[in-house]
Amino acid sequence: MYLSFLKKDEKKLFLDIACYLSAVDGNLEAKEQEMLNAYCKEMNLPYDIGQQTKDPDSIIRRLKEICDEKSKKIIIFELIGLAMCDDKYLESEQRYIKEISSNLGINNNYIENCEHIISQYLSFQTKINALVTG
């Protein structure tokens, strides 16, 4: 939703860390794959998902160096959306998001607000889909 606000370098790093997040539980769900593809389209970037060459710690360090507060919040918001998109917001995903957030200087209150709002959004989306297609 907000990835177009990121700078080009931030977008590439976001995709790298998003791929790591989607695989943190050892299973790339179809909905997560769809979301990663949508991210690529939204940012107008070609990307070969699964071809990360950087280690996640170096990606997070680089994001911390180049991102302003707004970009960091966008990245965390979108990562939470990715983790929640398959209706399986696993503890491993939550821990990884908290680790990334901590490294970027984003507090837990922001994470909780994102989780709540995204949960509501997904619920409304389900209701709208049922209304329109049901």
Side-chain angles (χ1 to χ4, degrees):
M1 259 189 252
Y2 300 100
L3 295 172
S4 63
F5 292 110
L6 298 178
K7 297 174 191 127
K8 189 170 184 175
D9 289 344
E10 295 170 342
K11 290 176 182 179
K12 290 177 181 179
L13 291 166
F14 167 79
L15 282 174
D16 284 334
I17 205 67
C19 287
Y20 279 107
L21 173 64
S22 67
V24 78
D25 63 353
N27 188 22
L28 178 61
E29 298 284 337
K31 284 188 177 185
E32 291 172 329
Q33 180 71 50
E34 289 173 23
M35 185 69 90
L36 290 169
N37 288 329
Y39 286 160
C40 293
K41 288 179 186 175
E42 179 182 350
M43 294 186 290
N44 201 24
L45 286 177
Y47 196 76
D48 188 4
I49 294 168
Q51 296 295 320
Q52 307 92 344
T53 57
K54 301 172 189 156
D55 95 277
D57 291 335
S58 67
I59 296 167
I60 295 166
R61 277 193 304 276
R62 184 69 181 135
L63 285 170
K64 184 177 181 177
E65 291 171 2
I66 68 171
C67 291
D68 61 17
E69 189 73 12
K70 179 180 175 182
S71 293
K72 291 174 185 177
K73 286 184 171 183
I74 289 169
I75 288 167
I76 296 303
F77 178 83
E78 296 288 355
L79 289 175
I80 293 169
L82 173 63
M84 295 179 79
C85 77
D86 62 356
D87 299 320
K88 300 175 190 171
Y89 191 31
L90 303 174
E91 189 176 318
S92 58
E93 294 169 324
Q94 293 173 37
R95 274 194 315 269
Y96 195 50
I97 287 170
K98 284 183 180 179
E99 178 185 329
I100 295 167
S101 298
S102 175
N103 283 311
L104 295 180
I106 302 296
N107 66 43
N108 285 339
N109 189 45
Y110 180 76
I111 296 169
E112 291 168 9
N113 287 335
C114 289
E115 291 168 343
H116 178 71
I117 290 170
I118 292 168
S119 179
Q120 286 181 320
Y121 171 81
L122 293 172
S123 176
F124 284 130
Q125 187 177 28
T126 300
K127 290 175 185 177
I128 291 168
N129 290 344
L131 176 67
V132 172
T133 62

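Note that this is a predicted model, so its numbers are computed, not measured.
Rounded to the nearest 0.5 angstrom, Leu21 CG and Glu99 CD are separated by 11.0 Å. Between Tyr96 atom OH and Ser101 atom OG the span is 11.0 Å, to the nearest 0.5 Å. Interatomic distance, Ile118 CD1 to Gln120 CD, rounded to the nearest 0.5 Å: 11.0 Å. Between atom NZ of residue Lys98 and atom CD1 of residue Ile80 there is a gap of 9.5 Å, rounded to the nearest 0.5 Å. Note: Arg61 CZ to Ile66 CD1 = 13.5 Å, rounded to the nearest 0.5 Å. Rounding to the nearest 0.5 angstrom, the gap separating the NZ atom in Lys73 from the CZ atom in Phe5 is 14.5 Å.
In this structure, the side chain of Glu42 engages the main chain of Leu3 through a donor-acceptor pair within 3.5 Å. Without hydrogens or angle criteria, Tyr110 side chain to Ile76 main chain gives no donor-acceptor distance under 3.5 Å.
Cluster membership check: Tyr121 shares its hydrophobic cluster with Met35, using side-chain heavy-atom separations under 4.5 Å among Ile, Leu, Val, Met, Phe, Trp and Tyr.
Looking at residues two or more places apart in sequence or on another chain, you find no salt bridge (Lys or Arg N to Asp or Glu O under 4.0 Å) involving Lys64. For Phe77, the ring pair (Phe, Tyr, Trp, His ring centres under 6.0 Å) partners at least two apart in sequence or on another chain are Tyr2.
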*Under the side chain to side chain contact (heavy atoms under 4.5 Å, CB included) rule, what do Leu15 and Met43 come out as? Steps first, then yes or no, please.*
CA-CA 10 Å; Leu15 282 174; Met43 294 186 290; 3.4 Å; yes

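A salt bridge does not link Lys31 with Glu34: none of the charged nitrogens is closer than 4.0 Å to a carboxylate oxygen.
The residue from Ile75, Asn44, Leu45, Asp16 that alone fulfils the side-chain contact (heavy atoms from CB on, under 4.5 Å) condition with Lys11 is Leu45.
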Donor-acceptor pairs under 3.5 angstrom involving side-chain atoms of residues 125-134: please list them, not counting sequence neighbours.
residue : atom : partner : partner atom : Å
Thr126  : OG1  : Leu122  : O            : 3.0
Asn129  : ND2  : Gln125  : O            : 3.3
Thr133  : OG1  : Asn129  : O            : 2.5

